[in-house]
Amino acid sequence: MPALIETNDGLKANSLQHLALLDMSAFLHGDAPARLEFAQSLAGSLKTYGMAKLRAQDLVGCNIPGLFEMAKQFFDLDVQAKMSAAMPTSGNPHRGYSFIGQENISGITGFADSLKQGKSLIDVKETYDMGVPGDVDAENRWPHAEALPDFRRLMEEQYRALEQAHLQILSALALTLGLPSESFTSMCSKSHHEMRLLHYPPTRLGDLKAGKTRIADHTDFGSVTLLFQDSTGGLEGRHPSSAEYRAIQSNEQECLVMLGDCFQRWTGDHFWALPHRVTMPFAAHPDQDDERLPERFSIAFFGKPDRDANVGNLAGPHFQKVHYDSMTAGDYNHSKLVRTY
Ligand SMILES: O=C(O)CCC(=O)C(=O)O
Ligand SMILES: [Fe+2]
């Protein structure tokens, strides 16, 4: 069973536009060589491009079309209904609905380089975040059931399905490193992940040049992020040591995989977290200030280590390129979160 569904010249050109589509079903249902081949293709793509692309249909139990449809219905509710599930103004616990301008990611742009830029850009986005059902330290905030009767059921179901995909990806990465398969998953056993719906409303190009963006440059905080986007465009990534952004194209049938800071820290920079942002697509006409970008939807599952897990370097010869002090995943997460609200 081939691990690679498509190959293309984009890879050779080091472009993020045409990432090869990897066959995760080879990992889930294949024999040992097929599993290893998938894992190596995944690790190779992540190490080279900071990102890998999977077929969403291979993620067992995931209903991505259903989630996009639900996101549309949720963000279409009136403000009052959305605010019935409002995120605390501090963003902590990180649960519920954030209105446009509440979370501004430019507060953590340059975080890895200790660049303190402050919140220089406003994100023109609204979001809904939830976590594992029953977490007493971070209770979910649901809109009233009358407003959207199936919302909670679908979100809880899909959280569990995406959680499994996240664990499988961690096992695959352990395999490529010759480690026991539970090396990373054992630090994610308490399910302290987050699932997020995002809506970027239609926006004037002129606004995106004057102190606003869709989401500012950042790396994700956790272990592995699974990201689904519609085909509007505007998602871009760059190598951490480069200022050059490349467009990341995908659609609702594809799952983008990227590593977060905690995975980079565990592996002492053997793997790296992809700095990314969403802004005006390269295809837009930047001179036409009054041109309006269409609305955009995306869905993210942020895999995160247990709050009490250590996110300093793991022992091992591969993992000592850069030293990261021991600290808990909870403290690390908080150190970034406080800068964004
Ligand atoms: O909307 C997207 O595609 C990216 C969202 C994102 O990077 C985030 O919420 O961390
Ligand atoms: Fe992100």
Side-chain angles (χ1 to χ4, degrees), residues 56 59-64 66-68 70-71 74 82 84-88 90-98 103 127-145 148-174 181-198 220-228 255 257-263 265-266 298-311 327-338 340-341:
L59 308 180
V60 177
C62 292
N63 177 3
I64 304 306
L67 275 179
F68 273 105
M70 192 57 86
F74 175 78
K82 287 186 277 196
S84 73
M87 169 83 68
S90 65
N92 188 24
H94 202 234
R95 299 287 181 265
Y97 171 71
S98 292
E103 181 199 67
T127 55
Y128 176 85
D129 289 275
M130 56 86 69
V132 68
D135 184 347
V136 288
D137 295 322
E139 283 178 20
N140 285 325
R141 300 185 167 207
W142 301 108
H144 293 308
L148 221 47
D150 205 30
F151 185 74
R152 179 172 179 171
R153 185 204 62 76
L154 182 77
M155 295 291 283
E156 290 185 345
E157 173 198 274
Q158 291 303 300
Y159 175 97
R160 290 298 190 189
L162 287 165
E163 175 179 33
Q164 288 310 309
H166 165 252
L167 294 174
Q168 283 145 359
I169 286 164
L170 289 181
S171 301
L173 292 174
S181 71
E182 68 284 2
S183 301
F184 302 117
T185 57
S186 61
M187 292 183 283
C188 300
S189 62
K190 296 180 183 159
S191 196
H192 292 160
H193 319 297
E194 282 169 11
M195 188 166 86
R196 160 173 273 202
L197 308 177
L198 298 104
D220 291 347
F221 313 178
S223 43
V224 177
T225 299
L226 306 178
L227 180 65
F228 306 85
C255 170
V257 180
M258 59 184 151
L259 301 176
D261 301 336
C262 293
F263 203 88
R265 292 175 63 93
W266 280 335
S298 62
I299 296 159
F301 181 86
F302 302 107
K304 296 197 174 186
D306 300 339
R307 290 180 198 119
D308 59 0
N310 183 8
V311 293
M327 83 189 279
T328 66
D331 284 349
Y332 182 78
N333 192 67
H334 190 68
S335 69
K336 287 189 90 171
L337 182 70
V338 290
T340 61
Y341 278 82

In terms of side-chain geometry, is the basic nitrogen of [X] or [Y] positioned less than 4.0 Å from the acidic oxygen of its partner?
| X | Y | value |
| --- | --- | --- |
| Arg160 | Glu156 | no |
| Asp129 | Arg141 | no |
| Lys304 | Glu194 | yes |

Hey, is the main chain of Gly66 close enough, under 3.5 Å, to the side chain of Asn63 for a donor-acceptor pair?
yes
Between [X] and [Y], a side-chain donor and acceptor under 3.5 Å:
| X | Y | answer |
| --- | --- | --- |
| Ser98 | Tyr128 | no |
| Tyr332 | Asp261 | yes |
| Thr225 | Asp220 | yes |

d(Thr340 OG1, His94 NE2) to nearest 0.5 Å is 6.0 Å
Spatial distance of atom CE (Met130) from atom CD (Gln158) [nearest 0.5 Å]:
10.0 Å
Centroid separation under 6.0 Å, is that true for the rings of Phe301 and Phe228?
no
Provide the closest heavy-atom pair for [X] versus [Y] in the form atom of the first, atom of the second, distance.
| X | Y | value |
| --- | --- | --- |
| Leu197 | Phe151 | CD1-CE1, 3.8 Å |
| Tyr97 | Phe74 | CD1-CE2, 3.7 Å |
| Gly61 | Ala161 | O-CB, 3.5 Å |

Note, [X] side chain near [Y] side chain (heavy atom, < 4.5 Å):
| X | Y | result |
| --- | --- | --- |
| Leu154 | Leu67 | yes |
| Ile299 | Leu198 | no |
| Val311 | Thr328 | no |
| Met258 | Leu227 | yes |

Quick one: do Met195 and Leu162 satisfy side-chain contact (heavy atoms from CB on, under 4.5 Å)? Show the steps, please.
CA-CA 9 Å; Met195 188 166 86; Leu162 287 165; 3.8 Å; yes
Quick one: sort the Tyr159 and His193 rings into parallel, tilted or perpendicular, breaks at 30° and 60°.
tilted
Test log, rule side-chain hydrogen bond (donor to acceptor under 3.5 Å, both in side chains), inputs Glu103 and Thr127
CA-CA 9 Å; Glu103 181 199 67; Thr127 55; 5.2 Å; no
Would you be so kind as to tabulate the donor-acceptor pairs closer than 3.5 Å made by side chains of residues 165-174, with sequence neighbours excluded?
residue, atom, partner, partner atom, Å
His166, NE2, Ser223, OG, 2.8
Ser171, OG, Leu167, O, 3.1

